[in-house]
Amino acid sequence: EAQLVESGGGLVQAGGSLRLSCTASGFAVDDYAIHWFRQAPGKEREGVSCINGPDGSTYYVDSVKGRFTMSSDTAENTAWLQMNSLKPEDTAVYSCAATFSIKDFGCHPDDDMEYWGEGTLVTVSS
């Protein structure tokens, strides 16, 4: 059974860093586009970033460019989201998701995801 499990969320002060991990089982991250989405209280879910397994290309929403970095590792079958210079507005539940469909450029909307993790809470205090 395919599964995604996130970890690494927590409470951090503004300006701090966290690294989220998304470990896959039942499929290879190298064959999929792994995405991170987040949903803040009272707001709609938004796409944060994605990494295309076959070529490692990464994409980010404008609000996190220069602060967040995605990476993945074949042996660990895991994707990470390194979040630096965190801001209170980054507070949200972060969920990783995967789709087998690889776009030439950019990330997929959440409707295209085939697998989802349960999410991990990131809280940034001011």
Side-chain angles (χ1 to χ4, degrees):
E1 180 183 356
Q3 191 175 16
L4 290 169
V5 177
E6 305 102 331
S7 64
L11 173 64
V12 64
Q13 288 188 330
S17 298
L18 284 174
R19 188 174 81 153
L20 306 182
S21 65
C22 174
T23 300
S25 58
F27 67 94
V29 297
D30 281 357
D31 295 332
Y32 282 70
I34 308 299
H35 291 61
W36 284 99
F37 294 88
R38 66 184 179 185
Q39 187 165 21
K43 295 188 176 181
E44 292 189 355
R45 182 163 57 198
E46 70 166 341
V48 175
S49 64
C50 64
I51 184 167
N52 285 336
D55 65 10
S57 55
T58 55
Y59 304 92
Y60 305 91
V61 68
D62 285 348
S63 60
V64 308
K65 283 180 181 177
R67 300 188 298 122
F68 291 11
T69 304
M70 269 200 83
S71 61
S72 65
D73 181 86
T74 302
E76 298 195 34
N77 212 29
T78 296
W80 292 276
L81 181 66
Q82 177 67 42
M83 306 186 295
N84 298 328
S85 302
L86 282 161
K87 305 175 181 180
E89 50 265 43
D90 294 318
T91 295
V93 174
Y94 285 70
S95 300
C96 69
T99 177
F100 191 67
S101 174
I102 305 298
K103 296 179 68 174
D104 290 337
F105 183 86
C107 299
H108 285 264
D110 54 3
D111 286 351
D112 289 352
M113 298 301 111
E114 294 160 47
Y115 306 119
W116 285 89
E118 292 190 353
T120 185
L121 177 63
V122 172
T123 304
V124 185
S125 63
S126 58

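Counting from 1, the numbers follow the sequence of the chain as shown.
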Any Phe100 side-chain heavy atom under 4.5 Å of Glu114 side chain
yes
Start with the C-alpha distance between Phe68 and Val61, add both sets of side-chain angles, then the distance that settles side chain to side chain contact (heavy atoms under 4.5 Å, CB included), and finish with yes or no.
CA-CA 10 Å; Phe68 291 11; Val61 68; over 6 Å; no
Can you check whether Phe37 reaches Gln39 side chain to side chain, under 4.5 Å on heavy atoms?
no
Less than 4.5 Å apart, side chain to side chain, heavy atoms only: is that true for Tyr60 and Arg67?
no
Return the minimal non-hydrogen interatomic distance between Ser17 and Asn84, and the atom names on each side.
OG-OD1, 2.9 Å
Straight-line distance of Ser101 OG to Asn52 CG, nearest 0.5 Å:
9.0 Å
Quick one: pull up OG in Ser95 and CG in Leu121 and give me the separation to the nearest 0.5 Å.
10.5 Å
Quick one: NZ on Lys103 to CG on Asp112, what's the gap to the nearest 0.5 Å?
7.5 Å
Gap separating the CE atom of Met70 from the SG atom of Cys96, nearest 0.5 angstrom:
8.0 Å
Looking at Asp62 and Lys65, is any side-chain nitrogen of the basic one under 4.0 Å from a carboxylate oxygen of the acidic one?
yes
Do Trp36 and Val29 share a hydrophobic cluster, counting only Ile, Leu, Val, Met, Phe, Trp and Tyr and linking them when any side-chain heavy atoms are less than 4.5 Å apart?
yes
Is it true that a side-chain atom of Gln13 and a backbone atom of Ser125 form a donor plus acceptor pair closer than 3.5 Å?
no
Nearest-0.5 Å distance, CG of residue Asp31 to OG1 of residue Thr99
12.0 Å
For Thr91 and Thr123, which I'm curious about, is there any donor-acceptor pair between the side chains at under 3.5 Å?
no
Going by heavy atoms in the side chains, are Met83 and Asp90 under 4.5 Å from each other?
no
Hey, do the aromatic rings of Tyr32 and Phe27 have their centres closer than 6.0 Å?
yes
Check whether any side-chain heavy atom of Val64 sits under 4.5 Å from a side-chain heavy atom of Arg38, and report yes or no.
yes
Using side-chain heavy atoms (C-beta onward) and a distance below 4.5 Å, is Ile34 in contact with Cys22?
yes
Separation of Asp110 CG from Glu44 CD (nearest 0.5 Å):
9.0 Å
On a heavy-atom basis, the closest approach of Asn77 and Ser25 is ND2-N, 4.3 Å
Of all heavy-atom pairs linking Ser49 and Cys107, the shortest is C-SG, 3.8 Å
